[in-house]
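Everything on this sheet refers to the single structure shown next.
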There are 2 protein chains.
Amino acid sequence: MTSPHRRFKDAIYEQFARVGKAVSAPKRLELLDLLCQGPRTVEALAEQSALSVANTSQHLQVLRAARLVDAEKRGLYVEYRLADDEVCRFFFALRGLAEARLAEVDQVARAYFEGRGAMEAVEGDELMRRVKRGEVTVLDVRPPEEYRAGHIPGALSIPVGELKARLKELPKGREVVAYCRGPYCVMAVEAVELLRKKGFKAHRMEQGVVDWRARGWRVDREGAQP
Amino acid sequence: MTSPHRRFKDAIYEQFARVGKAVSAPKRLELLDLLCQGPRTVEALAEQSALSVANTSQHLQVLRAARLVDAEKRGLYVEYRLADDEVCRFFFALRGLAEARLAEVDQVARAYFEGRGAMEAVEGDELMRRVKRGEVTVLDVRPPEEYRAGHIPGALSIPVGELKARLKELPKGREVVAYCRGPYCVMAVEAVELLRKKGFKAHRMEQGVVDWRARGWRVDREGAQP
DNA sequence: CAAGTATTCAACCGTATACTTGAACAATCA
DNA sequence: TGATTGTTCAAGTATACGGTTGAATACTTG
């Protein structure tokens, strides 16, 4: 005994909820965050999100059912990517809303970052100024593929895993600012911890390449590594 | 055997997912949509969303747990409102993403609107021009409280339920453009159906007051009804 | 103070969802 | 062709969620 009006509304909001459902699981949000950085294979996503491959595949299909991501077969791998830049902006809006309204986000972040020695984040424009003046070494600690796909101009690429062995590549006595994928990526944290232990003056930059680009600043592709 | 990094990430994305979970149920989205219009009591929300009061209360508490809405006791009633304008913008972003990427939204809307006689929606700025030229009568068919809280300048207030009895208030022979709460509110559809049956030249405007204001256009409060 | 009203709480049921495991299905490479 | 690798499918389980119903809690009003 439902009116056509009611049926219409129910149908419409049910459609809207498809997007909502897609972003209602923590792991799917993590996958979306990774995909905001760039296209990835299922395997890569599984590893970076600490999920089983099968589970990752399932989550990706939920995201695909909501049309938030697209899949394309590339040789032996299936590459997933955001269906649209709008999706990334939507994810950022959700993240921003959570940061602004949920005190718990701040608490969790604070507990983690403070636990590892006052790593106050360097503001992006502050860093920019210092980079331009040549005052600091900017260090990109992400995997080299990601560096190649786009990095902050002038940044040096040393994956966090290789950092210990490649410390000599860093100009001694110069302040280092490390960045990775974004505010909740922990590779830069690890890097800074190591660098400080080794006697470097090191800071972490919150912004990743995506945030950097979102501010309208220049991003370099490929090479240019001294 | 999970690393602190992993625990941190899990904790962070779990927080983000609180917002996602809040918008993963169709009925909660409908409640959010209503609250974007303005504050409402539990009872009013229950009626307008065709939910039981108890169920509405539960959904509202989920929204409140995600800090998307606030509640305030006002006399005998509890009034719920959006916690922040940012929440409304977020809802609009979600809606826009669904409209843009889910073909089904368009299908559902088309099926409903076409079923009731080609009610092509009038574009907001087109209407604006015609209103300013005095070519059309703008009709606000929402409940009078909502009209009082904010309406399109020059609009006449006749709730859809009273329209049949108050047809004589409308200038005869003049085109009527009806609006209500937004693109998926059906009161204006009902009104246009009735008006056409009675021989009026009538159209529906998709935009509600919130969309109108979002475009930066003027909104009137209180009175001014002839 | 008692009666009435608005809202929330608590218990319950059916369904949906996240994750695991093991097998099936491509596409590549030897 | 057969072996290997990457991805998806299918079945099973524990948990979470939406919705219902009926009682409990707060507040106003007579």
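Every chain is numbered from 1 and lettered A, B, ... according to where its sequence line falls, protein lines coming before strand lines.
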Below 4.0 Å: OP1/OP2 of D:dC17 and any side-chain N or O of B:H59: no
Under 4.0 Å protein heavy-atom contact, by nucleotide of nucleotides 6-15 of chain C - B base, S sugar-phosphate only: SSBB------
Pair partner, D:dT28 [Watson-Crick or wobble, under 3.5 Å]: C:dA3
Euclidean distance, atom CG of residue A:L63 to atom P of C:dT17 [Å, nearest integer]: 14 Å
Integer-rounded Å distance: D:dG19 C1' and B:L51 CG: 9 Å
Ring geometry between A:Y147 and A:H151 (parallel below 30°, tilted from 30 to 60°, perpendicular above 60°): parallel
Parallel, tilted or perpendicular: ring planes of B:Y112 versus A:F8, cut at 30 and 60 degrees: parallel
Side chains of B:P26 and A:D10 in contact at under 4.5 Å (non-hydrogen atoms): no
Side-chain donor-acceptor pair present, A:D140, A:Y179, cut-off under 3.5 Å: yes
Any side-chain donor near an acceptor of the partner, A:Q15 and A:R18, under 3.5 Å: yes
Over-ring placement of B:R95 relative to B:Y184, 6.0 Å and 45° cut-offs: no
Distance under 6.0 Å and angle within 45° of ring axis: B:R204 vs B:F113: yes
Members of residues 9-35 of chain A that approach DNA chain C, where some heavy atom sits under 4.0 Å away: A:K21, A:A25, A:K27, A:R28
Evaluation steps, salt bridge (charged side-chain N to carboxylate O under 4.0 Å, His left out), between B:R40 and B:E47: CA-CA 11 Å; B:R40 300 280 154 93; B:E47 198 206 320; over 6 Å; no
